[in-house]
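Below, read A as the first sequence line, B as the second, and so on, with proteins coming before strands; counting in each chain starts at 1. Atom set for the values below is all heavy atoms of this structure, side chains included, hydrogens, waters and symmetry mates excluded. Because the structure is predicted, anything quoted here is derived from the model rather than measured.
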4 protein chains.
Amino acid sequence: MLDPKQAIFPRKQPRQGRSAATYEAILEAAARILEREGPEGLTTNLAAELAGVSVGSLYQYFPSKEAIIAELIRAMRDQMLADLTDAAASLQDAPINVAVERLVAASIRHHADRPALARVLEAAQPMLPLHAETAAREAEIQALIMRTLKGYGVADPDQVAFDLIALTKGMVDAAAQAGAQDFAAVQARVVRAARGYLG
Amino acid sequence: MLDPKQAIFPRKQPRQGRSAATYEAILEAAARILEREGPEGLTTNLAAELAGVSVGSLYQYFPSKEAIIAELIRAMRDQMLADLTDAAASLQDAPINVAVERLVAASIRHHADRPALARVLEAAQPMLPLHAETAAREAEIQALIMRTLKGYGVADPDQVAFDLIALTKGMVDAAAQAGAQDFAAVQARVVRAARGYLG
Amino acid sequence: MLDPKQAIFPRKQPRQGRSAATYEAILEAAARILEREGPEGLTTNLAAELAGVSVGSLYQYFPSKEAIIAELIRAMRDQMLADLTDAAASLQDAPINVAVERLVAASIRHHADRPALARVLEAAQPMLPLHAETAAREAEIQALIMRTLKGYGVADPDQVAFDLIALTKGMVDAAAQAGAQDFAAVQARVVRAARGYLG
Amino acid sequence: MLDPKQAIFPRKQPRQGRSAATYEAILEAAARILEREGPEGLTTNLAAELAGVSVGSLYQYFPSKEAIIAELIRAMRDQMLADLTDAAASLQDAPINVAVERLVAASIRHHADRPALARVLEAAQPMLPLHAETAAREAEIQALIMRTLKGYGVADPDQVAFDLIALTKGMVDAAAQAGAQDFAAVQARVVRAARGYLG
DNA sequence: GATGAATGAGGATTCATTCAT
DNA sequence: GATGAATGAATCCTCATTCAT
């Protein structure tokens, strides 16, 4: 399972009508299984069944199990990047404390939404040959944070951006795994750590 | 694979002679496979072959594949706890800055040693029914840090301990995954974050 | 695949207009796939796509994949029979040496045209329940040759016809498989063998 | 099926004891299925069942279905080469007529033994990436016949050898397919054709 | 008539685990 | 104790065929 040599791009991306519904149903079913059972629990037959379609249909849209996971990862990354872009755009001349708060909030959103899913997808990522692709998205994310920090005159903004992302991920993962419900509190603590790190 | 309903305790832990060597050889073989190929690449047949024993022998020592992984996780946890215990014992009346440095160093050690293995084992942990068991070890670790922090008069030491462990793990994982070699530098940045968090 | 229990007759044979074009397009697409990939490579979906029609349309003309192959075989047989009939008609009082040459030339024609296709179709034939049907065509072919030979006073003309057909097929197949381009030379050697056999 | 990209070499070739029995049982079972049902009828599960072993065992010896067929082809070629080598060695100063008779007999033997199997294997051969390998064996066979012909002063012995092999195969295949039982008679007619070709 | 999304039986292959030797 | 051949359930994936639109 999680064969790193698998094709990871969807076969077709039907963005309308019945097909789109099937496509989304498959992704949602896979997401639920991943949340409940982890990557080992995800089988194509189970995902199809849960989505209410046949295996054949699943394979019409995704060439492999890996492609489904890859697509979920892409969606997660895309949402995070979108959230961060919005947050960055909203900053204007806000003080750095506010900036950190908004960026952290944006970084956390998908974790707060579906913590278990987020955690599983993060863990699965290095097993997939997404590197080039996801690396690019990650780089965009990091660059965006970096530019924002730079705007506030932070030294070595690249490294700092990397570390802030890392510590945020670490704290949110740990909280999620420990069963945290109150992500506002988690966010507050992450902000404290980020501010502390920035000095 | 990674069936959460599997037995996870070694059949016997031979602490001497040829048996002990076989036992260790199997663990080491499994560790190498996990490092190179991830959890999907670990098969009992392959581990046995790499360890230079037959599958039959492997099953004499471990009742299931899960038990091998579980044992590696235990070993990692135990080492970390031992390192932290040593670090805590060495503190005496050292100032808090020194304390943070030593504790972080102890926390990081096994990551610095075998970053890929550490990462895989962390990810595998929630898939195994180790919770009770590892939770206890994690609690010990957290308690130890908590007590140390308390000694320095830190407020809400339990939560702080939890967060420090989490952000350390997050930063080290990210660095390891990004291919970091210089773990002294990583450690320095983690210390900066920890100190910042503590205020 | 190549289920011998399948229907093997076209649903309709539209001999005019758009339908005829579609019908022919499907046959030609299937032929190309068979040439390039062999029988294992032929799928109804692929054939339809290559023909520029939908699978649904394909099934409007052919009740099964087997029916497509069967039709190609029929076409090949029919062409061969037509060629042989022409050749026989042209003989008049030509000496036997000439007769052999013309008959061999007629037998070879479709091999020379599309050697790979001819070979694949020959091989597929025994897998299909064409026996009754093709056997009849083969019998006609053999009878035609037999009658011609009889006209020249050849003894045991039935057996001789059978053997001449067989050795021709064998030599041409082998040459085709070996990548022969110059089918005139192949023809010359077949003629030599045929004349030799006739004594 | 008959995926040309499959591994075609046996995994282990246990030449003794129980393993050898299993290995042979699988080959024999596959051979019987090929005889009865053709290549489409051969499934790994069926072969294993007929051989009285589990699928797992089958895959211990053969990495793919293709490897089983490839091995049967190798065996057939090897037997033919051995038969021809023996025949050639027995010729001494025998006249060419006798030589032709013995070589034809050797060429035919495996067809006479299991005509249906021989036919299926011949047809399957071009579908498998045996080319390099079998081509070598075929070349050996052709070279052997060529040398023998040369010894009798036959002109263009390479081409003649090629053609004799081809016409033999063609005639025997056709006879086998037509349900011939009396391969002595077939052999006599092949000899007639071969002598005729040689002039 | 044409379309192509959907179906699901069928078949290849893997791998944790057992057990006779 | 050790061995490794054997097992077979589990899983991925394909493709001929149908049928609602």
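Counting heavy atoms from C-beta on, the side chains of A/M127 and B/P39 come closer than 4.5 Å.
Applying the 4.0 Å criterion to OP1 and OP2 of E/dT13, one finds that D/Q6 has a side-chain N or O inside that range. At the phosphate of F/dG4, neither OP1 nor OP2 sits under 4.0 Å from any side-chain N or O atom of B/S54. At F/dA6, one or more side-chain N or O atoms of D/T22 fall inside 4.0 Å of OP1 or OP2 (strictly under the cut-off).
Of the possible polar contacts, none joining the C/R137 side chain to the C/D78 backbone as a donor-acceptor pair under 3.5 Å is found.
The separation between A/N45 atom CG and E/dG11 atom P is 16 Å, rounded to whole Å. Rounding to whole angstrom units, CG of residue A/L42 and C1' of F/dA10 are separated by 14 Å. Remark: P of F/dT3 and CG of B/L58 are 11 Å apart, rounded to the nearest angstrom. Put simply, CZ on D/F62 is 13 Å from P on E/dT13, counting in whole angstrom units. Note: CG (D/L46) to C1' (E/dT13) measures 16 Å, nearest angstrom. We find that CD of A/E40 is positioned 10 Å from P of F/dT11, with the value rounded to whole Å. Between the C1' atom of F/dC15 and the CD1 atom of C/I68 lies a distance of 13 Å, rounded to the nearest Å.
Partner assigned to E/dA9 is F/dT14, using Watson-Crick or G-U wobble distances below 3.5 angstrom. In this structure, E/dT21 and F/dA2 make a Watson-Crick or G-U wobble pair, each of the two defining distances being under 3.5 angstrom.
The C/T43 side chain lies nearest to F/dA16 when the options are F/dA16, F/dT11, E/dG8. Counting only heavy atoms from C-beta on, A/K65 has its side chain closest to F/dC13 among F/dG4, F/dC13, E/dT13. Proximity note for C/Q60 (side chain, C-beta onward) versus E/dG1, F/dA6, F/dA2: the nearest is E/dG1. With distances taken from any side-chain atom of C/S57 to the nucleotides E/dT3, F/dG4, F/dT7, the minimum falls on E/dT3. Counting only heavy atoms from C-beta on, A/V53 has its side chain closest to E/dT7 among E/dC15, E/dA2, E/dT7. Closest to the side chain of B/Y61, from the set E/dT13, F/dA5, F/dA2, is F/dA2. Checking E/dC15, F/dC13, F/dA16 against every side-chain atom of A/Y59, the shortest atom distance belongs to F/dC13. Nearest nucleotide to the side chain of B/S19, out of E/dT14, E/dA5, F/dG1: F/dG1. Listed nucleotides F/dG1, F/dC12, E/dT13 differ in distance to A/T44; the shortest reach to its side chain belongs to F/dC12.
As judged by a 4.0 angstrom heavy-atom cut-off over every strand, B/E49 is placed among residues making no nucleic acid contact.
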Please set out all donor-acceptor pairs under 3.5 angstrom arising from side-chain atoms of residues 25-35 of chain C, sequence neighbours excluded.
residue, atom, partner, partner atom, Å
C/E28, OE1, C/R114, NH1, 3.1
C/E28, OE2, C/R32, NE, 3.0
C/E28, OE2, C/R114, NH2, 3.2
C/E35, OE1, C/R114, NH2, 3.0
C/E35, OE2, C/R114, NE, 3.0

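Remark: of the listed residues B/T44, B/L58, B/T43, B/T44 is the sole one forming a side-chain contact (heavy atoms from CB on, under 4.5 Å) with B/K65.
Taking the ring centroids of D/Y23 and D/F62, they lie under the 6.0 Å cut-off.
Comparing C/P63 and B/V55 by the nucleotide of DNA chain F that holds the closest heavy atom to each, the one mapping nearer the 5' end is B/V55. Closest-nucleotide positions on DNA chain E for C/G52 and B/S64 were compared, and the one nearer the 5' end corresponds to C/G52.
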Test salt bridge (charged side-chain N to carboxylate O under 4.0 Å, His left out) on C/R74 and C/E71 and set out the steps.
-> CA-CA 5 Å; C/R74 272 183 214 109; C/E71 191 52 25; 2.6 Å; yes
